[in-house]
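Chain identifiers are assigned alphabetically (A, B, ...) following the order of the sequence lines, protein sequences preceding nucleic acid strands; residue numbering begins at 1 within each chain.
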Amino acid sequence: MHYIIVGAGPSGVTACETIRKLDQEAEITLITGQQEPPYSRMAIPYLLAEKIPESGTYLRHNNEHYTHLNINLVSEKVTEVNADDNSLSLSNGQSLSYDQLLIATGASAISPLIEGIDLASVHNCWTLEDARRIAEKAVAGSSVVLMGAGFIGCIILESLLKRGVHLTVVEMGDRMVPRMMDDTAGGLLKSWCESKGVQILTSCQVSSISETGDALEVAIKGSETLSADLVICATGVKSNMSFLENSSIELDQGIMVNKFLQTNIDNIYAAGDVAQGLDFSDQSWHIQAIQPTAVEHGRIAAINMVKSNSCEHHGSINMNILDTMGLISTSFGQWMGVAGGEEAVLLDKKNYRYLKLQFKDEYLVGVSSLGHTQNIGVVRGLIRGKAKLGVWKERLMKDPSRLMEAFLASSMSQA
Amino acid sequence: MEKSLVINPDKCTGCLQCELACSYENEGVFNPSKSRIKVFTFHQEGRFVPYTCTQCSEAWCQQACPVDAISLNPVTGAKEVNESSCVGCKVCTISCPFGTINYNQSSGKVIKCDLCGGNPKCVEACPTQAITYVDADQTGLDKMRQWATETDNSSSTNTANA
Ligand SMILES: Cc1cc2nc3c(=O)[nH]c(=O)nc-3n(C[C@H](O)[C@H](O)[C@H](O)COP(=O)(O)OP(=O)(O)OC[C@H]3O[C@@H](n4cnc5c(N)ncnc54)[C@H](O)[C@@H]3O)c2cc1C
Ligand code: SF4
Ligand code: SF4
């Protein structure tokens, strides 16, 4: 049996390891599409902050890991998949045959179509190669404009500050991290950043970038023109699936999959950022683009590739945790609330602490928080375990901070 | 046979000796806020519940870690954080459905119970034997562990992360 896994992010690597555990005899090929060993995009901010060397971003630290598991690494890119004869083509012109195929090619950063976006000092922050280029320019005392205050933008914000740059953030939306925070939390985060000397321009948009000598001129709709040494663009991503356009695999925002992470073609599966997987909370199909979901997808897809329809995915919880210069925020599930639901809020503006719980009937369905970190994982336990809160619902409505007690009470009553 | 921590909340008097012993063993200070085992108080019922990582077999924390910083100690069965690899991203803290791996602001890394390498100090410190370290068969903790994993959707995938 020949398994081919395309993509060496957390999803693809987890899938290879899972297949190996279940099938000692299988032939496993991991097509990485990159020169570096499999690494984690998530670790890039810590590389930029010089907390780790480049090797610290590797998904597995033992150099022999893949050899030990007898996984064959190929650093080419896949250019085409031919489902009719179970084969795929590589960028070096070679072609390979598979019995089972997993596509875990993730996503790439995309940039808005504005003048100057192709200039040499304008970069995305998505790959190790991007990180190297950013590190070259983002030196102490330099000026950096960061386009986009979404999750990725916010996560690299702190790394850039640690490098000693003067930072201005330009965000099109009216608040920071709109996909993870409400007005209150986004507003608190903004004032926190400003109190640390970072300029945040919300409801503003970079309209063009031009070069004057060594520096960049960044024209901004809604604010004055800035001068910068480097512009980092963190405005959006798109699934890596253009090589599938001529295949018969069904595509939407991402690759369409069923509850077994299987595509419309029986022996082709998809996982991670490229897969339009099931969301636990509302049972809708969309791309979550987070590490835990990528790993979960990779594992479940692999199990089904070895034994078809043996492991059903009931959906992943969308969840994030973000550290912005010491202010830690989280969001879980339906943090924005649900129709017919109830919410409980605890707000301490002065100390930047915020906790909002969302309920539907007797169940917790979502949480967002600022400055609450202890035992925060139980939120996942309560949501995903569909713990019936009973009397604890009222107690949490009165005091949302008693999450851990609610969790213990419900787990003990069911043990 | 592997051993596991067994907690019997009915015997706990809330004296916090376990928290003190844990923080001293791991952080060198007597400071309950740095303890990896926590005693939760249920005022209404007058109950105390000591609680820490169950070293669950799914090891959600380990799976979610982007840089391979959590590994299995083959002798004790504990999931241990490797301080030098941990980048402090905190993804494990939202992935563990038991809330038992936590961020430590002062080190910039996460901390969790590692069974003190097979000689858990909380057990030694507990005057009422509310915490014991015994052969891992059907213990109360195991049942709790089961509850949380059965309700979680990936329970049928245990074979993949044994
Ligand atoms: C800076 C940054 C910070 C992040 N922080 C967080 C965070 O804090 N928390 C969180 O949950 N998530 C975070 N993420 C998101 C997280 O990294 C992704 O969700 C995760 O990497 C998705 O994993 P994946 O395996 O699906 O894809 P990827 O990690 O994107 O891997 C895709 C792989 O496919 C390969 N590939 C692509 N096209 C081809 C082709 N045609 N042929 C062959 N190979 C190909 C690539 O080379 C790569 O190896 C962050 C991302 C970035 C960029
Ligand atoms: S910290 Fe949580 S996920 Fe990790 S082993 Fe312990 S109980 Fe399991
Ligand atoms: S905080 Fe450390 S141990 Fe936890 S997931 Fe991140 S790198 Fe891994």
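Options L403(A), I290(A), L59(A) differ in how many heavy-atom pairs under 4.5 Å they form with chain B, and the most are formed by L59(A). Contact count against chain B (heavy-atom pairs under 4.5 Å) is highest for H61(A) among H61(A), M42(A), E405(A). For the options R41(A), M404(A), R20(A), heavy-atom pairs under 4.5 Å to chain B are most numerous at M404(A). In terms of heavy-atom pairs under 4.5 angstrom with chain B, the leader among I155(A), V295(A), I321(A), I317(A) is I321(A).
The two residues Y103(B) and Q374(A) come nearest to each other via the heavy atoms O-NE2, 3.8 Å. The shortest non-hydrogen separation linking A43(A) to V67(B) is CB-CG1, 3.7 Å. The two residues Q105(B) and G326(A) make their nearest non-hydrogen contact at NE2-O, 3.6 Å.
Using a 4.5 Å heavy-atom cutoff, the side chains of I94(B) and I376(A) are in contact. Side-chain contact between V378(A) and P97(B) is absent, with no heavy-atom pair separated by less than 4.5 Å. Using a 4.5 Å heavy-atom threshold, the side chains of S95(B) and M319(A) count as touching.
If you measure heavy-atom distances from C89(B) to chain A, the contacts under 4.5 Å come from both the backbone and the side chain. I328(A) touches chain B through its side chain: at least one heavy atom from C-beta onward sits under 4.5 Å away, while N, CA, C and O do not. Neither the backbone nor the side chain of C61(B) has a heavy atom closer than 4.5 Å to any heavy atom of chain A. For a residue to count as touching a neighbouring chain, one of its non-hydrogen atoms must lie under 4.5 Å from one of that chain's; by this rule V379(A) does not touch chain B. Only the side chain of R395(A) has a heavy atom closer than 4.5 Å to any heavy atom of chain B. Looking at R402(A), only its side chain comes within 4.5 Å of chain B, counting heavy atoms on both sides. No part of Y39(A) comes within reach of chain B, as not one of its non-hydrogen atoms sits under 4.5 angstrom from that chain.
Residues of residues 50-58 of chain A that come within less than 4.5 angstrom of chain B, heavy atom to heavy atom, are K51(A), I52(A), G56(A), T57(A), Y58(A) in numerical order. Within residues 20-46 of chain B, the residues approaching chain A closer than 4.5 Å by heavy atoms are, in numerical order, K38(B), F40(B), T41(B), F42(B), Q44(B), E45(B).
Under the salt bridge (Lys or Arg N to Asp or Glu O under 4.0 Å) criterion, the residue pairs touching residues 314-328 of chain A are D323(A)-K90(B), with sequence neighbours excluded.
Within a 6.0 Å radius of CD in Q129(B), no more than 12 heavy atoms belonging to other residues, nucleotides or ligands are found.
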Can you list the steps and then say if N375(A) with T100(B) is a side chain to side chain contact (heavy atoms under 4.5 Å, CB included)?
CA-CA 6 Å; N375(A) 311 112; T100(B) 48; 5.5 Å; no
Check step by step if side chain to side chain contact (heavy atoms under 4.5 Å, CB included) holds for R380(A) and W60(B).
CA-CA 11 Å; R380(A) 181 176 187 234; W60(B) 307 102; 3.7 Å; yes
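Listed by chain and residue number, P45(A), L48(A), A49(A) satisfy the side-chain contact (heavy atoms from CB on, under 4.5 Å) test with S159(A) (two or more places apart in sequence, or in another chain).
In summary, of the residues considered (E296(A), R299(A), Q291(A)), a side-chain hydrogen bond (donor to acceptor under 3.5 Å, both in side chains) with Q63(B) occurs for R299(A) alone.
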